[in-house]
S.K.: 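Sharing a structure below in structure tokens format, with a few things to ask.
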Amino acid sequence: MTSVQQDVHDPIVRAVIECAADAIVAVDDQLAVTVWNPAAERMFGWSADEMLGRIPPIVPDELKAEYNAVQERIREGGQISIATRRFHRDGRLVDVRIDTSVLQDPRGRLLGWVSVFHPVREDEVVQHHMNERARLVRRLNDIVADLNAELDLGTVLDRITGALTELTGADAGGFVRIDAEKNTLRLVSLRGLPEHMRNAVAELRPSLVGEILRSGKTVMLATGKRRLDDLIWAELDGLHTIALGLSYVQNRPYGALYALFAGRKVTHVELELLELFAGHAGVAVSNAVQYSEVVRQRAHERAVIDASADGIAVLDREGLVQRWNPAAHALTGVSAEAAIGRRPPFQQPEPGEMLTVALKPGIWLNVLCAEIEETDELVIDFRDVSAAKALEEAKNLFLATTSHELRTPITVVQGFASTLVNRWDKLSDQDRRSAVATIAERARSLGRLVEHLLLGSRAGAEELTVTIEEFELGRLLEGAVSAFRSLSDKHCVQMSIEPRLPVVSGDPMATDIILGQLLENAFKYSPDGGTVSVRAFAEERELVVTVEDEGVGIAPGDHERIFERFVQGEAGDRRRFGGVGLGLYIVKKLAVAQHGDISAHSRPGGGTSMRLALPRAAVEGVD
């Protein structure tokens, strides 16, 4: 064909388009109008000037999937004829039959599409098309309702692939999960493909999914002209066509549906169904994902609550327990089965307040209440503060006892000092000496009390310091016993030291304080007198000193407790024996600081046996 002949034909082509009885509309590859003939103006009501360069507003929303499917179906050539409806400018729907073909340049490059619109009546063909479409829509609605009723993500995905093959008539199908950050696809559900392919992974960028994401489309068709065997899911004999549709979750591409065809021919109907179904599948997946997140969040909250050291209870609007964690069981002794449906076994504060309540004698709880306004529930958090409460009570007792212990010697010192000042000349020399001796004895008592208070405060702050060295325990023991023998004419002190006693490793001063406290307690807690027996002997790795008395003994259950601060063995008769309850607490701390230990035992015949153990020195010692 010569250029002259081409020039002659241009007017003819234009005349054919202008004079055609049927509406002719051409669009470019962006779907913008390039041809809009007078018949199109008459059929749809818009002029060519209004439509050229625009996307024509003639496709109803419910038919846009069909429209996209047609364009995609003929993208690589061919022609499709469908019966459908399009908008007129006045808003009514026009029944038309559309013949659509692809426009390509001589090199096969896509230029756009051309459609010829024929007005039709409600004949049998149109009616059949509409009936078939209605049937598919009803089935799609049923499938979507079934999907939305399921919230388990794995089940939803499997049902999606099953419904996909049913609706489109595909020979196989699959759902791939998109991971844009890792640039991967994962085949998470399949139908009609080998099971070993489940969870197979492929690269996102070179895949069909990557191509459709870059194109901005929602549906795509790939035929045998593509290298389908490069796809990990293309293990279907005779595979010739892949239809692909995107599913979105929260407006982001979540995955893609694959319909694989090895037998039947693919039409625009299958593509339309795929696009519609992919959208509904995205909604079902979104619901399942959100439900999974809620389940995960609740599981996380449940794990945190169950692992909490605090007791936690959730109450309904009636104040009845709905949740009761393991710590609540441990703190109260009430199991979850016994607590749920009942009120908490303790007084609860008002929302936003905290209350300290007694659960039972000696057991105290700090209880905090918070309100969840959205659910009208109450959360009760409670913890055991018995130790803190006991320490608070012990401190109060300590202050009261210390005041008493200080008041007595100070009163005596003040009284005798005043007597000496005011009546010095009237007193005999013997009376003056007796008063001074009493003042000196009471001053020593005050000194010992202050020393105990200082040592007790340092021990409580973990600031007791000792110097570890080798020394002769027997010699130190002889000096301590000798000092105490003259203090009481009611007590008989017996001492037995094993011959050739090895050298001990420890702090001589700390050990002397320990021995003095043990002997003082032996005297104090055997007020009617008796024998105090002191023994020292060697065992395999340590040297042991025992101090035994015939006194009041230790109440059952108090053998460990007497080494705590502000505790005495006869707590109910504190005034009888005096003291502030720090002696054995200091003894325990000093023994442990020397890598030793001390323990209390009841004697079978009555009285107490205190056992001090200190480590042997590395080189044994003394003849």
Side-chain angles (χ1 to χ4, degrees), residues 9-104 110-138 140 219 221 265-276:
H9 278 76
D10 283 344
I12 296 175
V13 172
R14 286 196 297 272
V16 169
I17 294 173
E18 295 291 330
C19 298
D22 293 323
I24 299 175
V25 176
V27 295
D28 61 17
D29 58 352
Q30 300 300 314
L31 303 181
V33 172
T34 57
V35 173
W36 187 271
N37 73 344
E41 293 182 2
R42 293 191 297 271
M43 177 173 282
F44 300 114
W46 283 280
S47 68
D49 291 339
E50 291 176 303
M51 286 294 100
L52 290 175
R54 293 182 53 196
I55 296 176
I58 62 175
V59 182
D61 288 341
E62 67 271 16
L63 297 177
K64 283 184 178 178
E66 174 195 72
Y67 179 70
N68 294 337
V70 168
Q71 311 305 319
E72 178 63 21
R73 180 67 185 84
I74 63 172
R75 181 170 56 86
E76 296 184 357
Q79 177 178 324
I80 285 181
S81 179
I82 64 169
T84 185
R85 289 181 169 185
R86 290 293 182 262
F87 273 129
H88 188 275
R89 185 170 189 167
D90 61 12
R92 58 189 170 87
L93 288 171
V94 179
D95 291 319
V96 294
R97 178 177 296 281
I98 308 174
D99 296 322
T100 302
S101 303
V102 69
L103 290 176
Q104 295 176 326
L110 177 67
L111 299 177
W113 293 266
V114 60
S115 299
V116 180
F117 296 80
H118 312 281
V120 297
R121 296 181 300 276
E122 291 291 336
D123 56 19
E124 292 183 0
V125 176
V126 175
Q127 188 62 46
H128 173 75
H129 172 80
M130 294 303 178
N131 291 341
E132 180 63 15
R133 181 179 180 82
R135 183 190 69 80
L136 289 173
V137 169
R138 285 196 300 271
L140 178 62
V219 66
L221 200 64
K265 184 179 179 181
V266 183
T267 70
H268 72 280
V269 175
E270 285 74 27
L271 282 171
E272 179 187 359
L273 284 169
L274 176 61
E275 184 173 9
L276 289 170

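Please read all numbers here as calculations on a predicted model, not as lab measurements.
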S.K.: Considering only heavy atoms from C-beta outward, does the side chain of P57 approach that of M51 to under 4.5 Å?
M.R.: yes
S.K.: So which heavy atom on R42 is nearest to which on A21, and how close?
M.R.: NH2-O, 4.4 Å
S.K.: To the nearest 0.5 Å, how far apart are CD in Q79 and OG in S115?
M.R.: 9.5 Å
S.K.: Looking at Q104 and L111, what are the two nearest heavy atoms and their distance?
M.R.: C-CD1, 3.7 Å
S.K.: So, the side chain of D22 versus the backbone of V116: is there a donor-acceptor pair under 3.5 Å, distance only?
M.R.: no
S.K.: In Å and rounded to the nearest 0.5 Å, what is the CD1 to CG distance from I24 to N37?
M.R.: 5.0 Å
S.K.: Which distance, rounded to the nearest 0.5 Å, do you find between the CG of L63 and the CZ of R85?
M.R.: 9.0 Å
S.K.: For a quick test of reading the model, state the closest non-hydrogen atom pair linking A48 to E41 and the distance between them.
M.R.: N-OE2, 2.9 Å
S.K.: Heavy-atom distance under 4.5 Å between the side chains of V33 and W46, does that happen here?
M.R.: no
S.K.: Do the rings of F44 and W36 sit parallel, tilted or perpendicular, given the 30° and 60° boundaries?
M.R.: tilted
S.K.: Just so I know, are the side chains of I98 and T84 near enough to count as touching, which here means a heavy-atom distance under 4.5 Å?
M.R.: yes
S.K.: With no hydrogens and no angle check, is any side-chain donor or acceptor of T34 less than 3.5 Å from a backbone partner on A26?
M.R.: yes
S.K.: Given side-chain contact (heavy atoms from CB on, under 4.5 Å), test Y67 with L31 step by step and report yes or no.
M.R.: CA-CA 11 Å; Y67 179 70; L31 303 181; 4.0 Å; yes
S.K.: Taking the side chain as everything from C-beta on, heavy atoms only, tell me whether M43 gets closer than 4.5 Å to V96.
M.R.: yes
S.K.: Would you say V59 and R86 make side-chain contact, with heavy atoms under 4.5 Å?
M.R.: yes
S.K.: Are F117 and V94 packed together at the side-chain level, in the sense that at least one heavy-atom pair is separated by less than 4.5 angstrom?
M.R.: no
S.K.: Would the distance check show the side chain of D29 and the main-chain N or O of L110 forming a donor-acceptor pair, the cut-off being under 3.5 Å?
M.R.: no
S.K.: For a quick test of reading the model, state the closest non-hydrogen atom pair linking V25 to A40 and the distance between them.
M.R.: CG2-CB, 4.0 Å
S.K.: Which atoms form the tightest heavy-atom contact between A39 and A20, and what is the distance?
M.R.: CB-O, 3.6 Å
